[in-house]
Amino acid sequence: MFLDFMKEIEGLIRSALDGCGFELPATGTNDLQLEISPHADLASSVAFRLAPLEKRNPRVIAEDIYNRIVPLREAEWVERVELAGPYLNFFMNRRFLNSVLEQACLDQAWTGKMEGSVVVEHTSANPDGPLHVGHIRNSVIGDTITRILRRAGCQVDAQYYINDMGRQTAMVVWGCDHLKLDGSKADHAVAKVYIQAHKMVKENPELVAEVDRLIQRYEADDSETAAKFQAAAKYAVSGIQETLHRMNIHHDSFRWESEFVRDGSVDQILAELEKTGLCEVKDGALQMNLESFGFEKSMVLRRADGTSLYITRDMAYHRWKSATYDRVVEVLGADHKLVSAQLRTALRLLGIKEPEVVIFEFVSLPDGSMSTRRGKFISADELLDEVEKQAFVEVTARRPEESEEFRREVARQVAVGAVRYDVVRVSADKATTFDWKAALDFEKLSAPFIQYSHARACSILRKAGDGGAFEPSLLASRDEIALIKKIAEFDMVIDRAARELKPHQLATYARELAESFNQFYRFSPVLEAEPGLRAARLALAVAARNALRATLETLGIPALESM
RNA sequence: GGACCCGUGGCUUAGCCAGGAUAUAGCACCGGGCUUCUAACCCGGGGGUCGCGGGUUCGAGUCCCGCCGGGUCCGCCA
């Protein structure tokens, strides 16, 4: 699809440049300055790049290139090139549009040729309570990246790293020893114990020693203690998973950080780090000095009591990931920026491939940041419940004749979509403030808009029956052509989002695709059209339905057939 | 104090990494469209010193420097 069109144009320009004797220094990506433009299907402003090198007017250079472009009779997808001042404007031919339509109709246009294995670590919330509205930014971004990479063609392992050795988990274990889990949803029950335990320890500082002893015993692999830690972590994670499943989020594998202590890889990493000569024992703790790399704070690798720390275990985990997968991707909150940078520096020193880190900025509440420990958060479950409730009201208003079962199911699917879309549509590096009013207002720039387009397409197809043979060239109106072109962009959007790890680009595309379909729907009646045109439009409706379904699926949003 | 991120119409936001032809969309506001495939939709309109000041460039929302405002981090927590 679009990538093929683009590739052909690249070839045309490059051979024209050779013909002119122009040498374009490679500056990275998009050397040819190609972009989708309102003036063309694809435009190049490469003449501007060459002007200073050739010391000539870019208009003259563009004209030279234009004159050297081989006759397009043999071009597969390019109809014509226009010279517009310093710009070269390329237009796609009918064959290209027909090919897009055909591939989309056959539902075979949605998987790319990217290769390799990728591990995407996301969510990895501490097993000390339920996911809150900040965590789900991690989960939704991570899961969408996972889906995008799969679409692009990669083999992806979505992984949850369970922090079972941390102080938080020890606090939960201590809490479970002294308090009762109250039987509510697992992760919520754990949170109550954790919050209470934290309060008790804070009020009685002598209890800290008890928590420390738990950490030491777990590190020493005391079997009774280990059973408690693992049971507590597993219990919390089971509740977290339940919430994730509600949002269509599934992990392929779970790794426990304790594994890396047990199998000796943490000790091994420590030995290797010590060999760098940057480590010293200070106040009994092993520390690494990274000042020459711009970090004023040294990195503590081992506590004075000999137990390991998160960052050291994480080093071992990263070495394993780097050795196992071609690409290592992880989604982290902005609070991890500094440690993550330190970790990458340390990995580099050991010659270990560094991860690609997707940082997302914080979600805060109107009155400040969230905290599981202080019990100050809005849980993902609560959010989903409320959005679902509101969605039920909306469905009931629009489809009062439908059964309650139908309306409940639609509300559930709309809620999942609304929550996911609301999170993924914003670029990860924008800090946001959670707002109930905005969360429950999913009327317009939101998932239902896209789901609705899909449902409309399905409705046409339900009523139309089998369209049979059709003449694609009949699709020539502005809205029909625009829709085909938008469908064609799918592979390029996926490819780019997969390389840049920016899922919000797909959210933007989804909105544009739905918009194009809605315009087609409004201006090009399908069922009432003349037989020939009807068949062609029906084919376009199938193509659009498939494109919308693939897009929604990649966003993890249910593609409802009726709503 | 230091490091990193953000600042685009009243509000939310794309474009910034790879500088180019009239700056994207939604909400809200004004006007129009359901006897026609689901109006959770479509069409039109008003509204922008792209935080501020320098610089680089033929050209800056996009790159560089400084400042202002907001966020995050700077634990033998994770």
Side-chain angles (χ1 to χ4, degrees), chain A residues 27-31 33 35 37-40 43 45 47-49 51-52 57-58 84-87 89 124-126 128 163 165-169 171 257 282-287 294-297 300-305 307 309-311 313-314 333-339 341 359-362 364 369 373 391 394-395 397-399 414 425-433 435 438 441-453 455-464 500 504-505 507-508 511-512 514-515 518-519 521-529 537-538 541 562-563:
Chain A
T27 53
T29 44
N30 201 13
D31 294 332
Q33 304 286 298
E35 60 175 357
S37 132
H39 310 278
S45 56
F48 284 112
R49 280 285 93 69
N57 189 314
Y87 297 93
N89 289 336
S124 301
N126 285 327
D128 57 15
N163 302 127
M165 288 203 117
R167 187 166 285 278
Q168 280 84 342
T169 312
M171 195 74 90
E257 58 173 349
K282 220 157 88 187
D283 306 322
L286 183 66
Q287 317 203 357
F295 300 103
E296 50 181 73
K297 197 76 200 168
V300 181
L301 302 174
R302 193 175 55 211
R303 293 193 183 95
D305 69 2
T307 55
L309 282 151
Y310 170 82
I311 191 135
R313 300 187 293 262
D314 211 21
D335 53 339
H336 285 68
K337 267 190 241 182
L338 182 66
V339 258
I359 298 279
F360 65 94
E361 292 292 327
F362 262 46
S364 52
S369 55
R373 192 169 61 197
E394 305 276 349
V395 188
R398 293 176 171 85
R399 306 292 296 274
V414 164
R425 54 175 254 269
V426 182
S427 153
D429 40 35
K430 227 91 165 184
T432 60
T433 303
D435 172 13
D441 175 23
F442 45 78
E443 288 246 320
K444 297 289 191 296
L445 180 63
S446 172
F449 177 84
I450 304 153
Q451 290 173 309
Y452 185 60
S453 305
R456 276 177 143 183
C458 289
S459 175
I460 293 176
L461 301 179
R462 251 196 319 274
K463 292 186 174 160
E500 301 179 6
H504 77 274
Q505 293 171 352
T508 302
R511 195 208 72 228
E512 291 170 357
E515 224 161 49
N518 282 333
Q519 282 158 9
Y521 184 93
R522 162 70 180 77
F523 294 109
S524 304
V526 177
L527 300 180
E528 302 302 317
R537 284 181 176 168
L538 200 52
S562 176
M563 63 186 276

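None of these values were measured; they are calculated from a predicted model. Chain identifiers are assigned alphabetically (A, B, ...) following the order of the sequence lines, protein sequences preceding nucleic acid strands; residue numbering begins at 1 within each chain.
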Rounding to a whole Å, what distance do you find between [X]:[atom1] and [N]:[atom2]?
X	N	atom1	atom2	answer
A:D31	B:G19	CG	P	11 Å
A:Q505	B:U13	CD	C1'	14 Å
A:R511	B:C27	CZ	P	11 Å
A:M171	B:C77	CE	C1'	10 Å

With sequence neighbours excluded, tell me which residues meet side chain to side chain contact (heavy atoms under 4.5 Å, CB included) with [X].
X	answer
A:S364	A:T433
A:R303	A:R167, A:I215, A:D305, A:T307, A:L309
A:E35	none
A:N126	A:D128, A:N163, A:Q168

G-U wobble or Watson-Crick pairing nucleotide for [N] (cut-off 3.5 Å, both distances):
N	value
B:C27	B:G10
B:G1	B:C74
B:U56	none

Base B:A40 to side chain A:N518, donor-acceptor N/O within 3.5 Å cut-off: no
Quiz item: A:E500 side-chain donor-acceptor pair to B:A18 base, under 3.5 Å: yes
From B:G26, B:A40, B:C58, nucleotide with atom closest to A:E515 side chain: B:G26
Proximity to the side chain of A:A304 - top-ranked nucleotide from B:A78, B:U13, B:C76: B:C76
Rounded C1' spacing from B:C41 to B:G26 in Å: 14 Å
Span that lies between the C1' atom of B:A23 and that of B:U13, in whole angstrom: 13 Å
Partner set under ring-ring contact (aromatic ring centres under 6.0 Å, His included) for A:F48, not counting sequence neighbours: A:Y87
List in chain and number order the residues that pass side-chain hydrogen bond (donor to acceptor under 3.5 Å, both in side chains) with [X], two or more places apart in sequence or in another chain; answer none if no residue qualifies.
X	result
A:E361	A:K337
A:Q287	A:S298
A:N89	none

Side-chain N or O of A:R399 closer than 4.0 Å to phosphate OP1/OP2 of B:A39: no
N or O in side chain of A:Y521 less than 4.0 angstrom from B:A39 OP1/OP2: yes
Sub-3.5 Å pairs of nitrogen or oxygen atoms, protein against nucleotides 67-74 of chain B:
unit_1, atom_1, unit_2, atom_2, d
B:U72, O2', A:A334, O, 3.2
B:U72, O2', A:D335, N, 3.4

Distance in Å, A:I460 CD1 paired with A:L538 CG, rounded so as to fall on 0.5 Å steps: 8.0 Å
Spacing of A:E500 atom CD and A:Q505 atom CD [to the nearest 0.5 Å]: 5.0 Å
What nitrogen or oxygen pairs link the protein and nucleotides 43-45 of chain B at under 3.5 Å?
unit_1, atom_1, unit_2, atom_2, d
B:C43, OP1, A:Q519, NE2, 2.7

With sequence neighbours excluded, residues passing salt bridge (charged side-chain N to carboxylate O under 4.0 Å, His left out) with A:R522: none
Close N/O contacts between protein and nucleotides 30-32 of chain B (under 3.5 Å):
none

